[in-house]
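Quick notes on the structure that follows.
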Amino acid sequence: MKNKGDGGNLISNNSNIPRKNTSQVYCFFRKKLGFVIFFGYLIASVPFFACGKKQQGEDTSVKRIVLWETYNNEEHDEIVRIARQFEKLNPGTEISIQRVPWGGHESKLMTSMITNTAPDIARVDVAFLPRLVISGSVQELTQYGSINTDDFVPAAINSNVWMENGVQKIYGLPDQTTGAALFYNRKMFRAKGLKVPPETWEDFLEYAKTLTIDTDGDGRPNQFGFAMDKELWWTFPFFNTYGVKFLSEDGTRCILNSEAGIKALQFKVDLYQKYKVEAGAWQSGAIAPDTGFINGMYAMILTGPWNIKRFKDVGLDFGIALIPRGPAGTSTNVGGSNMVVLKKANHPEICFKFLQYLTSPKIQAQWASKLAQIPVNINAERNMDFSRQPEIKLFFEQMKTAVARPKVISYNGLENAANPYLYAALAGKKTVKEALDTIAKTIEEEILVEK
Amino acid sequence: MDVKKIRERIKKILLLTMLSVGAILMLFPFFWMLFVAVKAEGHGFKLDFVMAAPLFKNFAAVWNNTAFPFSRFFMNSLFVATSGAFMTALFCSMGAYAFAKKNFVFKEVIFWMLLSTLMIPGMMYMVPQFALVTQFGWINTYKGMIIPHVANIFGLFLLRQHMETIPDALISSAEIDGANEWQIFRHIIVPLSMPIITTVFLLTFLFQWTNFLWQLVVNTPDSLKLTLPVGLALFRGQYSTQWTLLMAASAFSIIPIAVLFLALQRFFIEGLTAGAVKE
Amino acid sequence: MKISSRNTKNIRNNVAAYLFLFPFLAVFFTFLAYPVIYSLILSLHKVSWSTNLYNVFSDMKFVGLDNYIALLQDSHFWWSLVVTAYYAILTIPFTIFLGLILAILLNNKLPGVSLFRSAYFLPSVLDMLVVGVIWTLLYSPHFGILPNILNSVGYSNFMDNGILASPRTALPGVALAMVLRGAGFGMILFLSAIQNIPVSVYEAADIDGANAWQKLIYITIPLVKPIILFLVIMGTIASLNAFTEIYAMTQGGPYVVEFMGKIQGATRLSGYYLFEKWEAMKFGYAAAVSYVLLLITLVISLINARLMGKRD
């Protein structure tokens with residue numbers, strides 16, 4: 001410590017050195033006080049790190065599998081409950097349920113494979129399956145036991161089935177099948193004397209006009225008849241009710257810009273541009289349809305069964321109806337997700353067993369009744385009491401009319417190609433025909449040829 | 001009172017009003033966040049005064065949620081930001097000392113290399129750094145979150161420029177007194193460069209505290225090392241329809257650092273001011 | 001004798017210098033220099049559909065200069081450069097200007113000056129994601145407070161679209177949020193510099209009959225020039241890296257601008273564009289994008305180095 005003195009002397013002996021000439025004692029005290037508070041914070045944080053470490057002690061006799069899901073809060077609570085039930089039935093197993101945000105779950109999963117931190121089971125969007133299968137990232141499931149595809153809702157299981165050299169291979173099991181339906185705010189309907197939901201797009205337009213009102217008298221509406229999203233997936237209900245075909249029979253051309261396609265998109269655009277009954281919820285920085293619906297700004301929206309429990313929990317008085325009929329009747333889009341077992345999964349046989357359990361009639365009935373969703377196992381219906389869940393019945397009805405998404409290797413590629421132009425069309429920057437022509441061209445050039 | 005004094009007073013009042021209006025404008029988003037955070041569910045967007053009952057219901061709901069341990073995230077952020085800033089300040093001052101006061105082979109070459117990488121967009125490093133961190137097995141570790149960012153070239157430049165102004169005579173007289181290299185660095189260079197070192201420390205602290213993308217990339221979703229910005233983004237994904245809850249969560253992520261800042265502001269601001277005027 | 005002692009001194013100096021440099025250079029070469037080279041290799045490869053996801057980096061397909069050729073024809077990339085430059089022009093001067101004004105105002109002897117100092121600096125420590133989310137709320141169409149305030153004073157243009165959905169106001173809207181967040185930082189730096197200017201300089205100017213404006217132009221600004229330079233460099237780096245604010249506020253939209261025959265996102269900055277490519281696992285393409293950005297920034301760095309060199 002001798003040198004410390006030396007250094008200090010050196011400095012104080014040399015008058016050339018710039019020094020701060022504030023009251024040093026005062027300053028020092030102030031600084032020190034700051035330090036004390038700062039390190040106080042740090043010390044307080046120690047116990048947190050300590051308890052983080054404790055959890056890493058592993059019991060090797062327990063077979064532990066990790067499942068990544070992308071559910072919302074209500075669904076998350078339910079899957080955790082199901083995992084606990086499974087553990088009770090299968091002593092010595094542990095299912096660790098971990099939640100990943102839906103947005104970006106694909107890149108997060110791919111990233112985790114690179115880093116070898118991938119889970120054993122993952123819930124993925126149906127459109128993501130082709131890539132996982134082609135790259136050999138997921139396991140074929142029939143090697144662990146038999147699967148009867150007839151037990152499942154066809155639209156749900158089909159995205160998992162591949163035919164390879166005439167042999168049927170199954171790479172995942174569906175955990176959820178969804179589609180959009182029309183949700184409406186009952187209170188707003190009553191206020192305008194509307195008793196039943198609209199049945200056709202013409203009715204719908206009249207309803208929307210009636211429900212777009214200015215409640216605070218500033219000359220601008222602050223309640224809107226309708227609110228919608230811009231994305232391709234959310235535009236499918238319009239296309240499908242107009243009977244629009246997406247790809248040509250041989251799958252080499254995109255024929256979205258047909259006469260029917262233009263009519264369908266034109267109607268969607270007009271809701272905002274011409275009739276001004278849509279809130280512009282699809283714009284950057286706007287309030288999303290489901291958010292505005294919960295907050296009582298939008299009277300009607302298109303959304304899926306995953307929102308039912310959430311809307312109920314906040315005490316919203318709402319009804320659900322079939323998507324209004326167009327020239328091709330009512331119809332909807334298909335969404336959904338599958339559970340896959342990853343290539344490097346631990347205990348794949350337990351993973352398979354859990355997936356079988358999850359999709360069994362009993363558990364599916366439990367899941368569907370609690371969350372008001374569509375069961376993926378058709379045998380679940382007998383275990384369910386529809387009188388208490390009229391919503392599910394409606395969704396069953398709606399899903400019968402659903403049109404599957406075009407089968408391409410990258411569904412996201414379709415979305416990326418279409419969305420900017422759908423936005424431009426909605427904003428009036430491009431005519432509907434221009435937008436659809438460009439979308440079709442881009443898809444043909446970028447998606448349909450890509451390997 | 002003479003005219004001059006009255007004019008002075010009017011000028012002062014005018015200035016004060018301007019500054020107050022400016023402060024309110026600048027802090028408006030912050031106040032609005034607090035306002036929405038205490039509103040009732042379903043009224044987050046409405047320009048009314050329907051409050052949550054009890055008032056802090058949203059805060060309680062956020063704090064008690066099982067999926068997002070905010071206290072834990074906060075401590076992680078604090079640890080990562082502090083240790084990252086400390087290491088950066090240390091490494092940069094050591095390197096800057098060598099550049100400012102030493103002649104060594106390849107000095108020009110290395111300096112040119114540093115200079116040319118100064119402004120490379122951080123995004124460029126993401127993929128290779130990610131590949132490296134993966135190879136090192138640093139996923140889900142504090143190491144992985146902190147170390148890739150501690151070589152702050154800009155900090156090194158700031159420090160080198162300052163250290164060049166320290167007279168060589170000081171160093172040689174210390175050498176004559178028998179001080180070794182480390183002692184010269186520790187007892188002469190560091191004390192005299194403290195203001196700039198503090199500036200570098202604070203800049204890195206702020207950078208690390210708000211760093212979102214990298215912490216998102218090096219942590220798996222189950223990681224116990226997640227920091228506040230990532231935690232909040234996850235929370236946002238889940239609760240995007242409940243803005244009152246989201247704003248309460250935002251408040252949780254902002255208030256501790258605001259309090260910390262107010263407690264340390266003298267330290268903070270002094271460090272920045274002293275650092276900046278030096279040339 | 002003399003030569004050898006100089007030699008030993010030289011060796012000692014070298015050893016000491018490298019010992020001091022070691023921690024910094026170790027991190028620099030591993031995490032900054034190596035990635036630059038690695039990116040070059042990546043930019044010549046492509047992740048294909050059948051690439052083994054468990055081993056992406058070693059299973060990429062060699063495509064030569066394909067990524068660069070595609071990049072040169074990629075209107076979205078060029079557009080992102082334009083937007084980034086625009087963003088830099090929007091943020092840097094205004095942050096500096098506002099910081100300087102605040103510093104000059106706060107340089108007066110007033111009650112509660114330190115309180116104001118804290119109030120103005122506080123936003124700089126707030127999380128960018130949170131600030132972005134709050135501003136999105138303030139800007140939202142029909143219900144956001146800002147469009148409503150503007151409406152009540154007779155300017156109703158933003159009621160239907162909000163601030164972030166119009167191509168003219170989207171990026172300025174983001175920039176405003178970031179300027180207000182960052183101005184306090186500049187203010188602190190300027191304040192300290194101004195306080196260091198001897199009062200006698202201003203007194204002399206008073207005697208010469210200089211007005212406030214002349215004092216600002218001829219005394220204050222030249223003396224705070226180093227700080228302005230510092231903030232310009234910081235601002236350039238921030239613009240090139242801007243990602244979080246876009247992620248939080250607009251996600252690159254609104255998609256209504258036409259450029260090189262394609263529809264473009266009005267706020268799709270190069271940092272955000274790069275992130276999109278990364279997220280889509282187009283690692284090779286992302287590396288090529290960042291290499292072209294590197295060339296551009298290299299030019300800017302050299303100009304900056306010149307400027308910084310002049311200062312010494």
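Chain letters run A, B, ... following the sequence lines, proteins first and then strands; every chain starts at 1.
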Sidechain-backbone polar pair: B:Tyr97 side chain, C:Phe20 backbone, donor-acceptor under 3.5 Å: no

Using non-hydrogen atoms only, which part of B:Ile153 is less than 4.5 Å away from chain C: side chain, backbone, both, or neither? both

Let me know if B:Leu16 has heavy atoms under 4.5 Å from chain C in its side chain, its backbone, both or neither. both

Can you say whether B:Phe207 sits under 4.5 Å from chain C via the side chain, the backbone, both, or neither, judging by heavy atoms? neither

With a 4.5 angstrom heavy-atom cut-off, which part of B:Leu27 approaches chain C: side chain, backbone, both or neither? side chain

Give a yes or no answer on whether the side chain of C:Asn14 reaches the backbone of B:Val105 with a donor-acceptor pair at less than 3.5 Å. yes

Using non-hydrogen atoms only, which part of B:Leu156 is less than 4.5 Å away from chain C: side chain, backbone, both, or neither? side chain

Side-chain touch C:Pro123/B:Phe30, heavy atoms, less than 4.5 angstrom: no

Does a side-chain heavy-atom distance below 4.5 Å link C:Ile134 with B:Met247? yes

Checking heavy atoms, do the side chain of B:Ser20, its backbone, both or neither come under 4.5 Å from chain C? both

Those residues that, when tested against B:Lys101, pass side chain to side chain donor-acceptor pair (under 3.5 Å) (two or more places apart): B:Asp168

Does the side-chain contact (heavy atoms from CB on, under 4.5 Å) test come out yes or no for B:Phe99 and C:Leu21, once each step is laid out? CA-CA 8 Å; B:Phe99 272 115; C:Leu21 274 171; 3.7 Å; yes

Donor-acceptor contacts under 3.5 Å from residues 29-41 of chain C side chains, at least two apart:
unit_1	atom_1	unit_2	atom_2	d
C:Thr30	OG1	C:Ala26	O	2.5
C:Ser39	OG	C:Pro35	O	3.1

